[in-house]
Amino acid sequence: METNSDGTTVWSGRVVRGDRGLVRVLDHDGAVVTARVAVAGTDPLDAPCVGDWVTVARAGDDLAVEAVGPRRTLLERAEPGGSSRHQPLAANVDTVAVVVGLDQMPSLEKIERLLVVAWSSGAAVRVVLTKADVAADAADVAEDVTTHLGADVIVCSTLTGEGMDEVAALAPAGTTLALLGSSGAGKSSLVNALVGEERVVTSAIRADGRGRHTTVRRELVALPDGGWVIDTPGLRGVGVTDPDGLAGAFADVEELAASCRFADCGHQVEPGCAVRAALDDGTLTLRRYESWRALQREALWLQRRTDARLARDQNRQVRSMTRAQRRLRRERGH
Ligand SMILES: Nc1nc2c(ncn2[C@@H]2O[C@H](COP(=O)(O)OP(=O)(O)O)[C@@H](O)[C@H]2O)c(=O)[nH]1
Ligand SMILES: [Mg+2]
Ligand SMILES: [Zn+2]
């Protein structure tokens, strides 16, 4: 902590919770304070989010976030419905666990989408299949996910404790684990099991088997062994933001595509297409190929929209600058 000549004190801490205009920040003494966000900027990505390291200035009773530290990684999603604005979910994450409840096993495509979002963050990625106690075929499902999605899988249960050591090993001291998955998947239960006490509210599954929204705000929790875990809210949808994110989630397909004869191969009719060859000999399933194409289309479409918006914003800025300059010249009598 530093004290400035005007009596304000400045210290740094980590955002444990984000709300519009206000954040909760954990300081070095383990106290959590509420600070207003004084950082300028209109892009939601510039606002401090859970996991950010921030500088907070205190002047009397007023606490304000003055600066957001550089982010090593950023878990973000495009808001569903084709918005070109990205929403930050968690910053400075080392590992993203895509959490899937074995009781309501989603389609491989849904998991693939979550994997693309997870890989786009720049963090390491795991699939955590939880509620193993209710599934007779947990091992088979795990093998399916590994072979079809190429992801490393942990099977666990917060009820029996099975696999929980492996989950805990995802957040060693000094590192941050983020849990990503749909509502009711079992994320908050994992946080509670890692912490060893009831820290976040879990919800009963509704009679129709669908989860309910209970974790209203994202929350970062410090673990007893020095690691951190971030419980993200059950998202109804996650849009992929970044075509490059597909490289992690579809490493197998992208590797094939890289060995096509033509660099701009469309994988349709081109000779020497390694992707079509793999489809023909069965090493690549049509399901995975089509999933790859669909997510790629979505990411590219969104990227074009984002680029168009950025260009628009920039044009607007240039126009208003030109106007200001013209006004200035007029006032000076030129
Ligand atoms: N049988 C069983 N139920 C679980 C397990 N983990 C979570 N649940 C239940 O699944 C429901 C949703 O869990 P919750 O942690 O709130 O999911 P979240 O929405 O992803 O945070 C709750 O009723 C939990 O009690 C588990 O390992 N085994
Ligand atoms: Mg929850
Ligand atoms: Zn090809």
Side-chain angles (χ1 to χ4, degrees), residues 17 50 89-90 96-106 110-111 114 127-136 138 141-142 154-168 177-195 197-221 229-238 250 252-281 283-284 286 288-290 292-293 296:
R17 211 175 240 201
V50 174
L89 296 175
V96 178
V98 169
V99 179
V100 173
L102 283 161
D103 59 332
Q104 40 177 348
M105 191 62 195
K110 278 217 178 101
I111 304 175
L114 291 169
V127 171
V128 172
L129 298 176
T130 185
K131 312 193 199 183
D133 56 284
V134 298
V141 176
I154 293 174
V155 175
C156 72
S157 162
T158 56
L159 223 63
T160 64
E162 173 190 350
M164 285 309 296
D165 286 349
E166 277 177 88
V167 176
L177 169 69
L179 307 180
L180 182 70
S182 52
S183 189
K187 299 178 298 297
S188 301
S189 304
L190 287 173
V191 174
N192 290 334
L194 291 173
V195 179
E197 58 174 299
E198 296 290 313
R199 274 294 289 275
V200 279
V201 190
T202 56
S203 68
I205 291 281
R206 293 197 311 229
D208 60 1
R210 295 160 65 97
R212 262 190 307 167
H213 279 269
T214 41
T215 318
V216 215
R217 286 160 292 191
R218 299 172 253 303
E219 199 181 7
L220 178 142
V221 178
V229 63
I230 295 176
D231 189 11
T232 66
L235 301 168
R236 237 171 272 117
V238 286
F250 289 92
D252 51 343
V253 191
E254 301 243 331
E255 197 176 307
L256 284 168
S259 56
C260 291
R261 186 178 306 161
F262 300 107
D264 62 347
C265 184
H267 322 301
Q268 302 295 325
V269 291
E270 293 85 347
C273 175
V275 173
R276 293 222 70 88
L279 282 170
D280 288 343
D281 71 18
T283 40
L284 175 63
L286 192 61
R288 185 149 170 86
Y289 169 72
E290 283 177 346
W292 176 63
R293 293 292 282 211
Q296 201 177 41

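Note that this is a predicted model, so its numbers are computed, not measured. Both ligands and their constituent atoms are indexed starting at 1 by order of listing.
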Looking only at N/O atoms, are Cys156 and ligand 1 under 3.5 Å apart anywhere?
no
If we only consider heavy atoms of Gly101, is any one of them less than 4.0 Å away from an atom in ligand 1?
no
Does Gly181 offer a backbone N or O that forms a donor-acceptor pair with the side chain of Lys187 under 3.5 Å?
yes
Give the contacting part of Asp133 toward ligand 1: side chain, backbone, both or neither, where contact means a heavy-atom distance below 4.0 Å.
side chain
Report the distance from atom CG of Leu194 to atom OG1 of Thr158, rounding to the nearest 0.5 Å.
10.0 Å
Gly186, any N or O under 3.5 Å of ligand 1 N or O
yes
Hey, is the main chain of Ala278 close enough, under 3.5 Å, to the side chain of Thr283 for a donor-acceptor pair?
yes
Nearest 0.5 angstrom please: Lys131 NZ to Gln104 CD, how far?
5.0 Å
If you measure from each heavy atom of Ala185 to ligand 1, is any distance below 4.0 Å?
yes
Nearest-0.5 Å distance, CG of residue Leu159 to OG of residue Ser189
9.0 Å
Subset of ligand 1 atoms that lie under 4.0 Å from at least one heavy atom of Val134:
1 (N)
Check the Zn ion (ligand 3) and write out every protein N, O or S atom at under 2.8 Å, as residue and atom.
Cys260 SG, Cys265 SG, His267 ND1, Cys273 SG
Nearest 0.5 angstrom please: Thr130 OG1 to Leu102 CG, how far?
7.5 Å
If you measure every N or O of Ser188 against every N or O of ligand 1, does any of those distances drop under 3.5 Å?
yes
Within the side chain of Arg17, is there an N or O that forms a donor-acceptor pair under 3.5 Å with the backbone of Glu219?
no
Interatomic distance, CZ@Arg293 vs CG@Leu286, rounded to 0.5 Å, equals 11.5 Å
If you measure from atom 8 (N) of ligand 1 to every heavy atom of Gln104, Lys187, Lys131, Glu162, which option wins on shortest distance?
Lys131
So if I count the atoms of ligand 1 from 1 in the order they appear, which ones are less than 4.0 Å from some heavy atom of Ser183?
19 (O)
Enumerated ligand 1 atoms positioned under 4.0 Å from heavy atoms of Thr158:
5 (C), 6 (N), 26 (C), 27 (O)
With Asp133, which residues qualify under salt bridge (charged side-chain N to carboxylate O under 4.0 Å, His left out), at least two apart?
none
Taking 4.0 angstrom as the limit and counting only heavy atoms of Ser189, give me the atoms of ligand 1 inside it, by number and element.
6 (N), 7 (C), 13 (O), 14 (P), 15 (O), 24 (C)
